[in-house]
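One structure below.
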Number of protein chains: 2
Amino acid sequence: MGKCEQCIIKQFNSLKSLTKDELMRISSCKTSKTIKKGEVIFEEGDTLNGVYCVKDGVCKLSKLSENGKDQIVKMVVKGQLLGQRSLISNESSNLQAVALNDMEVCFIPKSEIIADLQKNPKFSFDVLQDMAHDLKEADDIIVNMAQKSVKQRLAETLIYIHNNFGVNPDGTLSVLLSREDYASIVGTATESAIRVLSQFKKEGLITTVGKFIKIEDLNGLSRVE
Amino acid sequence: MGKCEQCIIKQFNSLKSLTKDELMRISSCKTSKTIKKGEVIFEEGDTLNGVYCVKDGVCKLSKLSENGKDQIVKMVVKGQLLGQRSLISNESSNLQAVALNDMEVCFIPKSEIIADLQKNPKFSFDVLQDMAHDLKEADDIIVNMAQKSVKQRLAETLIYIHNNFGVNPDGTLSVLLSREDYASIVGTATESAIRVLSQFKKEGLITTVGKFIKIEDLNGLSRVE
DNA sequence: AATAAAATATGATATTAGTCATGATTTATT
DNA sequence: AATAAATCATGACTAATATCATATTTTATT
């Protein structure tokens with residue numbers, strides 16, 4: 001099993017602020033896991049006994065609305081932590097986490113994280129900055145949901161995925177989402193998401209290869225109204 | 001000028017975790033301000049040089065959407081802190097803050113807060129918990145925006161204000177919002193907000209006394225579809 | 001008190017997005 | 001390879017909400 005001290009992934013998240021000692025202690029109590037595409041990492045309401053450090057893959061965080069539809073609130077990729085919020089609030093999770101492709105994660109027990117938060121102000125400040133960033137992103141999503149059309153939201157989602165999660169060698173978006181997932185990010189009906197994607201295709205903004213989507217006109221997409 | 005050590009307001013926010021020493025230092029460098037209803041506390045893009053501790057009154061935090069409409073993202077009341085997020089991210093504010101009624105606030109300089117965050121793990125953890133709570137609320141708003149109707153969102157807003165900000169002796173909501181503000185919370189056109197309120201009135205769910213709104217049937221409101 | 005300005009209210013109409021139905025593809029399973 | 005199941009796609013129709021127009025009422029200003 002890999003050692004946290006030497007793991008390059010931690011550079012991308014708050015774990016980088018831990019001391020060598022703290023990292024060694026975490027290394028000795030963490031467990032590595034492989035998670036298959038589609039697998040549920042945790043459910044809404046689950047009590048989390050630690051955080052996950054995502055070494056590879058992507059997952060979606062969603063919440064079930066009262067009308068029975070899932071709303072994707074955030075996507076977590078390689079390098080990020082998963083589950084900090086519930087841990088810090090000492091509450092059960094308000095979100096469900098499902099793997100969007102095969103994942104490699106390390107599970108770090110709660111006790112270790114909490115101890116480090118209380119001892120190491122640098123780590124704690126780093127987690128705080130992470131959370132502040134998430135909160136800002138959430139604010140932006142609220143405004144978009146409230147004020148923009150489905151078309152605009154879907155265009156922005158494509159751009160976001162393109163910019164943040166990258167593309168395959170052939171230029172298609174590397175994170176493969178179903179049309180239902182897109183609908184669930186944008187907050188619309190699956191049929192509406194499909195329709196809008198079809199329209200983008202007709203307008204030459206994107207092309208599709210099976211389920212894969214390739215952005216052909218980033219500028220055009222960003223100007224969608 | 002009041003002393004932070006003796007101020008009861010701090011019980012309601014993370015400042016309660018500061019030591020007597022830290023509070024005395026803050027007390028000596030803070031400034032008290034009175035802010036009139038409608039006054040802008042800070043603008044989107046402003047660099048904040050500290051946080052505000054709200055001693056009295058309520059303000060709205062909003063963000064200007066690209067279509068020119070303001071979206072209210074959160075309301076901050078007596079007892080809460082204002083401006084922590086930007087301070088922690090070390091970024092300019094992503095939101096505008098406007099007083100909804102006359103306010104009493106204390107302004108605490110950035111340097112002091114940052115120093116305390118770095119020295120006092122208890123304080124830092126407390127701020128972290130606050131932020132985690134805000135993030136959870138933001139998640140809920142995203143889901144509501146995406147999945148619920150204007151009618152449902154407005155009903156929930158009324159209930160939220162009723163439960164969190166209280167009522168006047170005559171039972172009307174103590175926070176007085178314009179119809180435009182309601183629209184801006186719910187994310188709809190002002191006319192739509194007005195229409196829905198009229199409908200609630202016809203259905204006996206609320207009554208209005210001028211601008212004031214009184215919830216007559218809390219149960220009914222929570223069952224709106 | 002008179003006037004102007006702003007906020008509230010409501011109708012008519014247009015636009016957006018949701019729902020239901022149905023068919024075509026793609027993917028998984030036997 | 002054949003079948004079943006899931007996903008994607010599109011049409012027809014409906015419901016929700018936005019927009020524009022115009023009163024009415026309330027609040028601010030002279």
Side-chain angles (χ1 to χ4, degrees), chain A residues 36-39 65-71 98 100-101 144-158 172-173 176-203 206-214 224-225, chain B residues 36-39 65-71 98 100-101 144-158 172-173 176-203 206-214 224-225:
Chain A
K36 287 251 157 59
K37 178 179 171 169
E39 211 174 300
S65 166
E66 282 158 41
N67 66 10
K69 281 189 191 165
D70 245 352
Q71 177 65 32
V98 175
L100 286 171
N101 44 37
N144 286 346
M145 286 290 176
Q147 307 279 359
K148 293 187 179 171
S149 68
V150 166
K151 229 184 291 180
Q152 284 176 303
R153 266 140 58 200
L154 188 44
E156 287 183 16
T157 299
L158 292 173
T172 56
L173 298 181
L176 187 58
L177 296 174
S178 66
R179 303 298 193 249
E180 194 182 356
D181 281 331
Y182 279 109
S184 172
I185 293 172
V186 167
T188 191
T190 306
E191 297 95 319
S192 297
I194 291 172
R195 249 182 265 272
V196 173
L197 286 175
S198 300
Q199 197 192 333
F200 287 170
K201 217 158 72 176
K202 269 183 207 147
E203 292 169 355
I206 62 170
T207 49
T208 58
V209 189
K211 255 170 114 141
F212 286 90
I213 293 175
K214 182 176 176 184
V224 161
E225 300 224 338
Chain B
K36 287 253 157 56
K37 178 178 172 170
E39 211 175 303
S65 168
E66 283 158 41
N67 67 8
K69 282 189 192 167
D70 245 351
Q71 177 64 33
V98 175
L100 287 170
N101 44 37
N144 286 346
M145 285 292 176
Q147 307 278 359
K148 293 188 178 170
S149 67
V150 167
K151 228 184 291 178
Q152 283 177 304
R153 267 139 56 200
L154 188 44
E156 287 182 17
T157 299
L158 293 172
T172 55
L173 298 181
L176 187 58
L177 297 174
S178 67
R179 303 297 192 249
E180 194 182 357
D181 281 331
Y182 279 110
S184 173
I185 294 172
V186 165
T188 191
T190 306
E191 297 95 318
S192 297
I194 291 173
R195 251 182 264 273
V196 173
L197 285 175
S198 300
Q199 196 190 336
F200 286 170
K201 216 157 73 175
K202 270 185 206 147
E203 291 169 355
I206 62 171
T207 48
T208 58
V209 188
K211 252 171 118 141
F212 286 91
I213 294 176
K214 183 176 175 185
V224 161
E225 301 221 338

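Values below: every heavy atom of this structure, side chains too, minus hydrogens, waters and symmetry copies. Since the model is a prediction, treat every value here as computed from it, not as a measurement. Every chain is numbered from 1 and lettered A, B, ... according to where its sequence line falls, protein lines coming before strand lines.
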Enumerate donor-acceptor pairs with a distance under 3.5 Å from any side-chain N or O in residues 185-193 of chain B to protein atoms, sequence neighbours excluded.
none

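With sequence neighbours excluded, the residues satisfying side chain to side chain contact (heavy atoms under 4.5 Å, CB included) with B/Ser65 are A/Val143, A/Gln147, B/Asn67. Partners of A/Glu66 under the salt bridge (charged side-chain N to carboxylate O under 4.0 Å, His left out) rule, at least two apart in sequence or in another chain, are B/Lys148. A search for side chain to side chain contact (heavy atoms under 4.5 Å, CB included) contacts involving B/Ser198 returns B/Ile194, not counting sequence neighbours. The side chain to side chain donor-acceptor pair (under 3.5 Å) test applied to A/Lys201 returns A/Thr208, not counting sequence neighbours. Considering only residues two or more places apart in sequence or on other chains, B/Asp181 meets the salt bridge (charged side-chain N to carboxylate O under 4.0 Å, His left out) condition with B/Lys60. Residues passing the side chain to side chain contact (heavy atoms under 4.5 Å, CB included) test with A/Lys202: none are found, sequence neighbours excluded. For A/Glu203, the side chain to side chain donor-acceptor pair (under 3.5 Å) partners at least two apart in sequence or on another chain are A/Gln199.
Remark on the helix from C/dA1-D/dT30 to C/dT30-D/dA1: inter-end axis angle 50°, axes from five-pair C1' superpositions, rounded to 10°.
No side-chain heavy atom of A/Phe212 sits under 4.5 Å from any side-chain heavy atom of A/Leu173.
Using modelled atom types, one side-chain atom of A/Gln71 and one backbone atom of A/Ser184 make a donor-acceptor pair closer than 3.5 Å.
Of the residues in residues 145-154 of chain A, those placing a heavy atom less than 4.0 Å from an atom of DNA chain C are A/Ser149, A/Val150, in numerical order.
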Full working for side-chain contact (heavy atoms from CB on, under 4.5 Å) between A/Ser178 and A/Lys211
CA-CA 7 Å; A/Ser178 66; A/Lys211 255 170 114 141; 4.1 Å; yes

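Heavy-atom distances to DNA chain C give each of B/Ile194 and A/Gly187 a nearest nucleotide, and the one nearer the 5′ end belongs to B/Ile194.
We find that CD of B/Glu225 is positioned 15 Å from C1' of D/dA16, with the value rounded to whole Å.
Protein chain A touches strand DNA chain C; the 5'-most and 3'-most nucleotides with an atom under 4.0 angstrom of its non-hydrogen atoms are C/dA17 to C/dC20.
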At a cut-off of 3.5 Å, list every protein nitrogen or oxygen paired with a nitrogen or oxygen from nucleotides 19-26 of chain D, distance to 0.1 Å.
{"from": "D/dT19", "atom 1": "OP2", "to": "B/Lys69", "atom 2": "NZ", "distance (Å)": "3.3"}
{"from": "D/dT19", "atom 1": "O4", "to": "B/Arg195", "atom 2": "NH2", "distance (Å)": "2.9"}
{"from": "D/dC20", "atom 1": "N4", "to": "B/Glu191", "atom 2": "OE2", "distance (Å)": "3.3"}

